[in-house]
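One is the number of the first residue; the rest follow in order along the sequence.
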Amino acid sequence: MGWLVSLGLAWVLSLSVVCSVSGIGANWGTQDTHPLPPATVVRMLRDNGFQKVKLFDADYGALRSLGRTNIEVMVGIPNDMLASLASSVKAAERWVSKNVSTHISSFNTNIRYVAVGNEPFLQTYNGSFLTTTYPALRNVQSALIKAGLSSQVKVTVPLNADVYESSSSLPSGGDFRADIRNYMIQIVKFLSDNGGSFTVNIYPFISLYTDANFPVDYAFFDGNTSPLVDGSTTYYNMFDANYDTLVWALQKNGFGNLPVIVGEIGWPTDGDRNANLVYAQRFNQGFISHISGGKGTPMRPGPIDVYLFSLIDEDAKSIEPGNFERHWGIFSYDGRPKYLFNLGTTNSNGLIPAQGVHYLEQKWCVLKMSANLTADIVAPSVSYACSRADCTGLGYGTSCGNLDTEGNISYAFNSYYQIHNQLDDACKFSGLATVTTTNPSVGSCKFIIMIEPYYGSAGRLRGYLGNVFGSSLSLIVLFLIIL
Ligand SMILES: *[C@@H]1O[C@H](CO)[C@@H](O)[C@H](O)[C@H]1NC(C)=O
Ligand SMILES: *[C@@H]1O[C@H](CO)[C@@H](O)[C@H](O)[C@H]1NC(C)=O
Ligand SMILES: *[C@@H]1O[C@H](CO)[C@@H](O)[C@H](O)[C@H]1NC(C)=O
Ligand SMILES: *[C@@H]1O[C@H](CO)[C@@H](O)[C@H](O)[C@H]1NC(C)=O
């Protein structure tokens, strides 16, 4: 028995050594109508052994809660700030002083990276940030040097994977996209000269979503029916091939040693026929197994620096890219794990939920039994609810895709009611709706109970009151079709 125990211990120790080399990170986005309190999220990060976290802005509460935890932090600069930071070194100095220096000196927050912009070269932005990204990066770096922080805090730019491409469709044909090549070289050279890293977001799910002919098992890590042969190397999954296309692009341009960070990788669980618990589990667990042991990719053996996307669902994200956008979390909105997922960072089998979460009362808003479904007010009521709440769990192949018409209407009403903190007025809908204490959930289709709203340190209600919802047009169209 003794040797079994020590063998087990040796395994745990070797595991923690592997993790201290690369470490697993998570993206912590906060576009929720009801964000969990930062202290709750930080406890969740620690309980689950995350060693790194990536933020999309420089939220005061988050950075303060991360203080004295030793969790490495990447703070973000949103794209809409790039122009001002690009045009003024002083603005960059103010940003660094307020959003980096203060947190390091007052709270001992372990800030290690500043992410300048977020996917600024996405084609949907029509080149809006092409000319401001590099000057902003340069000014932020100057500000870090002036603040005496440049050896501890590095700069980077999280980029979408379509900033590079391959003429031959093979990784070895990788190079930066021709139309933005000069901008890319400028940025890459600067990162290389200043000890920065190249951050890339890689999404096999999006490939599957946008290309009906994309081979499903090539998106995952357990298939071998669609291998890609590139010289003496055979690729069995899209992640390796995509990552290596970047490595080839860097190498071809003289930056073969630039460190690469995978800024986002993950799989959503709802909002599309390919977004479900089974696929998300298969992808995320497959990815963790794939990178554990630090074998890396064919072109870059060694540990992979990675931030999972994402930690928690965000029910107020824009759904312009697709209804799946609000479902990337490995935890649901209330900090519950969605599926069995072993990060290998703790002794626990599976994720540890958020502690001390406060819910609203156990009551739901549903369609009245006596309601007249053919009445003219039904469709506009549902559109209204969906445009101001979250109906992305409805639709073909989604968690609530099998509801009947009545169920669809109730789902919309309940989402609106919960997001509006169960206010009596939020369950009227011209007399069509009523409150019930009987849980209307069926099978995979969950009618949620919202968590209590969180009042931030400034006493300001965080969440939907200050939130702008994305375009509701597509949902209105969806419901006009349904009803
Ligand atoms: C610090 O970051 C926050 C959040 O991203 C931003 O709103 C604020 O303008 C920044 N402060 C300065 C001085 O740039
Ligand atoms: C980009 O251009 C298209 C077509 O001209 C337009 O519909 C869209 O709103 C533009 N997007 C942005 C972010 O400017
Ligand atoms: C239901 O609404 C339709 C459309 O307004 C109306 O024609 C019908 O009479 C109503 N049925 C009942 C039972 O009230
Ligand atoms: C309910 O809504 C879903 C998602 O929009 C739709 O696919 C389904 O056809 C609707 N069911 C009925 C009976 O209206």
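Under the rule for a side-chain hydrogen bond (donor to acceptor under 3.5 Å, both in side chains), the partners of S399 that lie at least two apart in sequence or sit in another chain are D270. For D175, the side-chain hydrogen bond (donor to acceptor under 3.5 Å, both in side chains) partners are N253, not counting sequence neighbours.
Aromatic pair F287/F239: centroids less than 6.0 angstrom apart. Two rings, from W328 and F309, have their centers less than 6.0 Å apart. When ring centroids are compared, Y411 and W364 stay outside the 6.0 Å threshold. In this structure, F429 has its ring center closer than 6.0 angstrom to the ring center of Y416. Checked against the 6.0 Å centroid threshold, Y236 and Y218 do not count as a close aromatic pair.
Under 3.5 Å, the side chains of D32 and Y333 contain no donor-acceptor pair of N or O atoms. No side-chain N or O of H34 forms a donor-acceptor pair with one of D334 less than 3.5 Å apart. For the residue pair N126 / S128, no side-chain donor-acceptor distance below 3.5 Å is found, with atom types taken as modelled. With no hydrogens or angles considered, no side-chain donor-acceptor pair links Y396 and D272 at under 3.5 Å. T156 and S197 share no side-chain donor-acceptor pair at under 3.5 Å. T225 and D217 share a side-chain donor-acceptor pair at under 3.5 Å. Using modelled atom types and a 3.5 Å distance limit, the side chains of D425 and H420 yield no donor-acceptor pair.
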task: Check the pair M299, W248 against side-chain contact (heavy atoms from CB on, under 4.5 Å), reporting the backbone distance first and the verdict last.
output: CA-CA 8 Å; M299 284 294 285; W248 275 103; 3.5 Å; yes
- request: Would you sort out whether Q285 and N342 count as a side chain to side chain donor-acceptor pair (under 3.5 Å), showing the intermediate values?
  value: CA-CA 7 Å; Q285 194 65 66; N342 200 336; 5.7 Å; no
query: Do R112 and M74 pass the side-chain contact (heavy atoms from CB on, under 4.5 Å) test, and can you show the C-alpha distance, the side-chain angles, and the key distance before you say yes or no?
result: CA-CA 6 Å; R112 303 304 287 272; M74 184 185 287; over 6 Å; no
- request: Walk me through it: do L308 and N27 pass the test side-chain contact (heavy atoms from CB on, under 4.5 Å)?
  value: CA-CA 6 Å; L308 299 179; N27 281 274; 5.8 Å; no
task: List the steps and the verdict of salt bridge (Lys or Arg N to Asp or Glu O under 4.0 Å) for R177 and E165.
output: CA-CA 6 Å; R177 224 172 66 214; E165 60 190 5; 5.4 Å; no
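Between F324 and the choices T398, I206, N276, the side chain to side chain contact (heavy atoms under 4.5 Å, CB included) rule is met once, by I206.
Across all their heavy atoms, S410 and F447 have their closest contact at C-CE2, 3.7 Å. Here the closest heavy-atom approach between residue M184 and residue L159 is recorded as CE-CD1, 3.6 Å. Across every non-hydrogen atom of I265 and I202, the tightest pair is CG1-O, 3.5 Å. Summarising the geometry of F413 relative to C365, their closest heavy-atom pair is CB-SG, 3.9 Å, with the distance given to 0.1 Å. Considering all non-hydrogen atoms of both residues, A354 and M44 come closest at CB-SD, 3.4 Å. The heavy-atom pair separating D390 from S415 by the smallest distance is N-OG, 2.9 Å.
Ring pair F220/F283 is perpendicular by interplanar angle, where above 60° counts as perpendicular and below 30° as parallel.
Counting non-hydrogen atoms of neighbouring residues, nucleotides and ligands closer than 6.0 angstrom, the CG atom of N402 reaches no more than 12 such neighbours. Within a 6.0 Å radius of CD in E361, no more than 12 heavy atoms belonging to other residues, nucleotides or ligands are found.
Here the CD atom belonging to Q422 is positioned 10.0 Å from the SG atom belonging to C427, to the nearest 0.5 angstrom. Atom CD of residue E452 and atom CG of residue L360 lie 6.0 Å apart, to the nearest 0.5 angstrom. Separation of atoms CG (N274) and CH2 (W267) is listed at 6.5 Å; rounding is to 0.5 Å. Residue T269 holds its OG1 atom at 11.0 Å from CD1 of I330, rounded to the nearest 0.5 Å.
Contact check on D313 versus K338 returns a salt bridge, with a Lys/Arg side-chain nitrogen under 4.0 Å from an Asp/Glu carboxylate oxygen. E314 has no carboxylate O lying under 4.0 Å from a charged side-chain N of R326, or vice versa, which leaves the two without a salt bridge. With respect to the salt-bridge test (charged N to carboxylate O, under 4.0 angstrom), the residues D244 and R300 do not qualify.
Between L45 and T69, the closest side-chain pair of non-hydrogen atoms is not below 4.5 Å. Within the 4.5 Å cutoff, no side-chain heavy atoms of V260 are placed close to those of D305. Proximity of F50 to T346: side-chain heavy atoms (C-beta onward) are nowhere separated by under 4.5 Å.
Relative to the ring axis of Y307, K52 places its NZ or CZ within 45° and under 6.0 Å from the centre.
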